[in-house]
2 protein chains.
Amino acid sequence: MVRDSIRILQAQGHKATRPRKLVLEVLEETEKPLSPYDIQGILRARGKYLNHVTIYRILDLLCSLNLAHKVLSSGGFVKCSLDDIEGCHRFMVCQHCGAIQEFADKGLCQEENEFARNLGFHTEYHLSEFSGLCSRCYRKWLH
Amino acid sequence: MVRDSIRILQAQGHKATRPRKLVLEVLEETEKPLSPYDIQGILRARGKYLNHVTIYRILDLLCSLNLAHKVLSSGGFVKCSLDDIEGCHRFMVCQHCGAIQEFADKGLCQEENEFARNLGFHTEYHLSEFSGLCSRCYRKWLH
DNA sequence: GGCTAAATGCAACACTATTGCAATTAGCTA
DNA sequence: TAGCTAATTGCAATAGTGTTGCATTTAGCC
Ligand SMILES: [Mn+2]
Ligand SMILES: [Mn+2]
Ligand SMILES: [Zn+2]
Ligand SMILES: [Zn+2]
């Protein structure tokens, strides 16, 4: 919720500005990754102009506070929708409709850590992005 | 090995050109992800000029044949060092020295598929990149 | 309402990636 | 081995993405 994010921003000493509210609103209402220019376009279509530099800076800030994430497979940004798991970043992306779902699982992290340790690697951070079909698209696809 | 990659290229009807050999040599001899411009710079330092467009096209080709991979967390490219696992792309990246190691594990894929299925998601492709410390750097770090 | 640090907008720039086309070349054939 | 031709490369132009410094504006505080 936008209001929650604003509260977190302010709790960390950041201002609740018009541009920040607008970006948060856009992220809040879409379930697909959006580039900075996507966000600018959506807002422009509503008659709300933001400079792209401002959008970059806002997205940086939101990511630094874990209020948004950059999805690496597409380069777009999504709102954070989980109480964040330290050192873990996981998404499922539907390759048909583009919908994205954040998830987390301690068990998966442990399996991965152990697997890596067996190869002599000490894991600090897990990135994992699955692509496939969301339940809605999978159902459609079946008949 | 560069020679193997060249053979695969030719088997698919692609020519074994000087630029392709040069890019393959560079990828072969480094264990870190390299951007197209990194590759151009390395070659230029050896007195071998390639246009950046050519490098982009070669990397596209190599990726399409699974002879190289794009590492999403850094945007760089590495040679493929595994018999490729269908629909699975995994790397461990050392955050100290930048070394990268490709890996794969059927068990991990199955765990992930199952986890996703429980959330109604049908997984087609797994991307996972761990960052942490390679065994060498981890040892150094300890004392 | 005024003050001030923080945030935004702007302009310029740097870097990354793509396109169309002319020139070159690898691999085939004679 | 020389010539042929499709594939590949280089080049120029352009588009897209991301960054910086600085003047202006604004949120939050008194
Ligand atoms: Mn999150
Ligand atoms: Mn591979
Ligand atoms: Zn879908
Ligand atoms: Zn290392």
Side-chain angles (χ1 to χ4, degrees), chain A residues 2-3 5-27 32-44 46-65 67-78, chain B residues 2-3 5-27 32-44 46-65 67-78:
Chain A
V2 173
R3 192 136 209 102
S5 298
I6 291 294
R7 186 163 5 90
I8 293 172
L9 278 181
Q10 289 181 314
Q12 312 282 335
H14 304 284
K15 293 183 179 177
T17 61
R18 185 188 91 111
R20 289 175 178 167
K21 289 174 193 164
L22 290 174
V23 170
L24 282 167
E25 279 169 22
V26 171
L27 288 180
K32 299 173 193 178
L34 299 173
S35 76
Y37 290 98
D38 289 337
I39 293 171
Q40 188 181 48
I42 290 169
L43 287 170
R44 183 161 31 221
R46 299 176 186 173
K48 317 276 187 184
Y49 174 77
L50 293 188
N51 188 278
H52 72 279
V53 177
T54 301
I55 299 177
Y56 275 97
R57 293 194 273 226
I58 291 172
L59 290 170
D60 280 351
L61 175 66
L62 297 180
C63 288
S64 76
L65 298 174
L67 296 172
H69 297 290
K70 183 169 194 174
V71 179
L72 293 183
S73 51
S74 63
F77 293 83
V78 290
Chain B
V2 173
R3 191 136 210 103
S5 298
I6 292 292
R7 184 161 10 87
I8 292 171
L9 278 180
Q10 290 181 313
Q12 312 281 336
H14 303 285
K15 292 183 179 177
T17 62
R18 184 189 91 108
R20 288 175 180 168
K21 289 175 194 164
L22 289 174
V23 169
L24 281 168
E25 279 169 23
V26 171
L27 288 180
K32 299 173 192 175
L34 298 173
S35 76
Y37 289 97
D38 289 337
I39 294 171
Q40 189 181 49
I42 290 169
L43 288 170
R44 182 162 29 225
R46 298 175 188 174
K48 317 276 186 183
Y49 173 77
L50 293 187
N51 188 278
H52 73 278
V53 178
T54 301
I55 299 176
Y56 275 96
R57 293 194 274 228
I58 290 173
L59 291 169
D60 280 351
L61 175 66
L62 297 180
C63 288
S64 76
L65 298 174
L67 295 173
H69 298 291
K70 184 168 193 173
V71 179
L72 295 182
S73 50
S74 63
F77 293 83
V78 290

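We name chains A, B, ... by the order of the sequence lines, and we start the count at 1 in each one. Because the structure is predicted, anything quoted here is derived from the model rather than measured.
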side-chain contact (heavy atoms from CB on, under 4.5 Å) assessment of B:Leu62 paired with B:Leu24: CA-CA 9 Å; B:Leu62 297 180; B:Leu24 281 168; 3.8 Å; yes

For chain A, the stretch of DNA chain D it reaches, first to last nucleotide, under 4.0 Å of its heavy atoms: D:dT17 to D:dG28

Pairwise side-chain contact, B:Ile58 with B:Leu22, heavy-atom cut-off 4.5 Å (strictly under): no

Residues in side-chain contact (heavy atoms from CB on, under 4.5 Å) contact with B:Asp38, at least two apart in sequence or another chain: B:Leu34, B:Ser35

Interatomic spacing from CZ in A:Phe77 to NE2 in A:His69 - rounded to 0.5 Å: 11.5 Å

Pairs under 3.5 angstrom, nitrogen or oxygen only, protein versus nucleotides 6-9 of chain C, please.
unit_1	atom_1	unit_2	atom_2	d
C:dA7	OP1	A:Lys15	N	3.3
C:dA7	OP1	A:Arg20	NH1	3.0
C:dA7	OP1	A:Arg20	NH2	3.4
C:dA7	O5'	A:Arg20	NH2	3.3
C:dT8	OP1	A:Thr17	OG1	2.7
C:dG9	OP2	A:Thr54	OG1	2.6
C:dG9	N7	A:Arg57	NH2	3.0
C:dG9	O6	A:Arg57	NH2	2.9

Sequence neighbours excluded, every pair satisfying side chain to side chain donor-acceptor pair (under 3.5 Å) that has a member inside residues 11-21 of chain A: none

B:Leu61/B:Arg57 under side-chain contact (heavy atoms from CB on, under 4.5 Å): CA gap, chis, key distance, verdict: CA-CA 6 Å; B:Leu61 175 66; B:Arg57 293 194 274 228; over 6 Å; no

Non-hydrogen atoms of B:Gln10 and B:Ala16 that approach each other most closely: NE2-CB, 3.4 Å

From B:Asn51 atom CG to B:Tyr56 atom OH, the distance as rounded to the nearest 0.5 Å: 11.0 Å

With sequence neighbours excluded, residues passing side-chain contact (heavy atoms from CB on, under 4.5 Å) with A:Asp60: none

Five-pair end axes of the helix from C:dG1-D:dC30 to C:dA30-D:dT1, angle between them (10°): 30°

B:Ala16 or B:Asp60, whichever maps to the more 5' nucleotide of DNA chain C: B:Asp60

Residue pair A:Thr54 / A:Pro19: nearest heavy atoms and the distance that separates them: CG2-CB, 3.9 Å

